[in-house]
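This report concerns only the one structure given below.
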Amino acid sequence: VSDLAGNTIDPQANSAQYFFEVDITPPQLFSAFAIVPTQVTLFFSETLDPQSAQNVSNYNINNGISIIDAVLNSNNTDVTLTTSAHDTNQTYTVTVSNVTDLSGNVISPNNNSADYQLIILSGPVFPIDLFGTPESEKTVTINLSLPGNMPDLLTYHLIAYDADHGGNDPPEGQAFINGNGPLELFPGATQANGDGQTNSFAFTLPSSWWVNGVNELRFVRLYSTGYRIDSAFISLDVTTDIQEEKNIPNEFTLDQNYPNPFNPSTSISFSLPEDSKVRLSVYNLLGEMVEELANDEFSAGTYTFSFNADGLTSGIYIYKLQAGTFLAIKKMILLR
């Protein structure tokens with residue numbers, strides 16, 4: 001072999017070693033996520049073979065859930081299952097078999113199932129499919145026609161999923177709404193615990209953040225490698241601006257915790273129309289008390305307590321308020 005000038009190849013540099021690389025890593029199921037009763041999204045670690053990924057017989061969900069259809073999403077790593085209706089009071093397990101990546105590797109038997117619960121988001125819900133946040137930022141604009149007589153405050157709920165955390169020091173990503181923020185998306189995540197993490201947020205903001213019915217949700221990537229959000233969901237609640245917090249309530253009430261789902265902290269509020277001996281406690285589904293938030297005499301009024309679930313596993317927890325003869329029980333979801 002010679003160049004254009006007729007020089008033949010140097011015999012001292014006429015050979016090279018090379019390696020034939022074969023993908024032998026099987027795909028893994030990171031997690032499952034459901035926000036509507038008849039749909040579950042599965043997040044996998046690799047690009048999947050479309051034929052195996054869309055074969056309904058390769059999926060099974062316990063507790064009587066039937067699978068009607070399986071669709072490989074446009075990023076080729078997420079699969080959305082259409083199912084029979086789920087129950088919000090139930091924990092489900094989805095198991096995957098025979099699904100392969102593009103190299104023909106069958107899903108790992110050690111990472112082929114995931115537990116999940118149906119999470120119903122209140123208010124209008126806007127799916128945002130990012131399928132990999134670019135290295136700088138990704139801007140998504142959501143159009144919404146808001147009702148008249150808007151209150152001063154709006155409550156936003158954001159659920160974000162990160163399939164592949166790079167292991168950089170937190171915060172790895174931030175979110176802004178109409179330029180206001182930032183909100184850390186995955187605080188405390190590390191390379192060891194960050195993969196497949198789903199985080200839920202709720203925060204109250206002025207309604208003036210909405211301009212002409214258009215809201216802009218922007219995800220910002222802070223590091224050059226590893227971080228992406230494969231999907232996110234935002235819902236909006238209308239929250240009245242409470243002007244008369246000092247007024248005495250008319251009745252005993254126990255409010256739904258906020259945010260819900262939560263990770264790791266949430267707030268629980270209750271109202272007393274009269275001075276009462278109050279006990280507020282949190283229990284797991286085995287009936288074991290995990291924390292007593294209040295056990296004292298309280299004057300009539302409205303009170304809020306914070307519950308921190310550090311050290312507890314994901315799942316449904318029960319909180320109970322006993323105030324005099326009044327008794328109320330509600331459930332909340334810890335989603336890590």
*Glu292 to Ser281 - nearest heavy-atom pair and separation*: CG-OG, 3.9 Å
_Reported CD1-to-OG1 distance for the pair Ile65 and Thr93, which is rounded to 0.5 angstrom_ = 11.5 Å
*Is it possible for you to say whether Leu327 and Leu272 belong to one hydrophobic cluster, with membership spreading through side-chain heavy-atom contacts below 4.5 Å?*
no
_Whether the side chain of Ser276 engages the backbone of Val278 through a donor-acceptor N/O pair (distance < 3.5 Å, no angle test) should be reported._
no
*Name all residues meeting the side-chain contact (heavy atoms from CB on, under 4.5 Å) criterion together with Glu297; count only those two or more places apart in sequence or in a different chain, and write none if there are none.*
Lys277
*Close side-chain approach of Asn257 and Tyr319, heavy atoms under 4.5 Å*: yes
*For Pro26 against Ile107, the heavy-atom pair lying closest together*: CB-C, 4.3 Å
*Would you please say whether a donor-acceptor pair under 3.5 Å links the side chains of Thr80 and Asn73?*
yes
*Listed partners of Val106 passing side-chain contact (heavy atoms from CB on, under 4.5 Å), at least two apart*: Thr100
*I would like to know whether Ser103 and Asn105 meet side-chain hydrogen bond (donor to acceptor under 3.5 Å, both in side chains); could you show each step before the answer?*
CA-CA 6 Å; Ser103 297; Asn105 301 306; 4.5 Å; no
*asked:* Below 30° counts as parallel, above 60° as perpendicular, anything between as tilted: where do the rings of Phe270 and Phe305 land?
replied: parallel
*Counting distance only, does the side-chain N/O of Thr83 pair as donor-acceptor with the main-chain N or O of Ser66 below 3.5 Å?*
no
_Gap separating the CE atom of Met332 from the OH atom of Tyr317, nearest 0.5 angstrom_ = 9.0 Å
*What is the minimum heavy-atom distance between Thr313 and Leu334, and which atoms define it?*
O-CD2, 3.2 Å
*Taking all non-hydrogen atoms of both residues, which atom of Leu102 and which atom of Leu48 are closest, and how far apart?*
CD2-O, 3.6 Å
_Could you measure the distance from the CG atom of Leu254 to the CD1 atom of Ile268? Nearest 0.5 Å is fine._
7.5 Å
*Under the ring pair (Phe, Tyr, Trp, His ring centres under 6.0 Å) rule, collect the residues that match up with Phe252, sequence neighbours excluded.*
Phe326
*Ala53 backbone acceptor or donor facing Tyr59 side chain under 3.5 Å*: yes
_Same cluster or not: Val40 versus Val56, using hydrophobic residues (I, L, V, M, F, W, Y) connected whenever any side-chain heavy atoms lie under 4.5 Å apart?_
yes
*With Tyr283, which residues qualify under ring pair (Phe, Tyr, Trp, His ring centres under 6.0 Å), at least two apart?*
none
_Ser113 to Thr95 - nearest heavy-atom pair and separation_ = CB-OG1, 3.9 Å
_Asp87 side-chain N/O to Gln90 backbone N/O, donor-acceptor pair under 3.5 Å_ = no
*Kindly give the heavy-atom pair with the smallest separation between Asn98 and Asn58, and that separation in Å.*
CB-OD1, 3.4 Å
*asked:* Are there over 12 heavy-atom neighbours, none belonging to Gln51, within less than 6.0 Å of that residue's CD?
replied: no
*Scan residues 80-111 for pairs that pass ring-ring contact (aromatic ring centres under 6.0 Å, His included), counting only residues two or more places apart or in two chains.*
His86-Tyr92, His86-Tyr116, Tyr92-Tyr116
*How would you list, by chain and number, every residue that makes a side-chain contact (heavy atoms from CB on, under 4.5 Å) with Thr253, sequence neighbours excluded?*
Glu251, Asp255, Ser271
_Would a single hydrophobic cluster contain both Ile67 and Val71, if residues Ile, Leu, Val, Met, Phe, Trp and Tyr are joined by side-chain heavy-atom contacts under 4.5 Å?_
no
*Distance (rounded to the nearest 0.5 Å) between Asn76 CG and Phe44 CZ*: 12.5 Å
*Check the surroundings of atom CG in Asn250: do more than 12 heavy atoms from other residues, nucleotides or ligands lie under 6.0 Å from it?*
no
*Any chance you could lay out the side-chain hydrogen bond (donor to acceptor under 3.5 Å, both in side chains) test for Ser265 and Asn308, step after step, and finish with the verdict?*
CA-CA 4 Å; Ser265 298; Asn308 190 304; 3.2 Å; yes
*Does Ile68 belong to the same Ile/Leu/Val/Met/Phe/Trp/Tyr cluster as Val94, with side-chain heavy atoms less than 4.5 Å apart forming each link?*
no
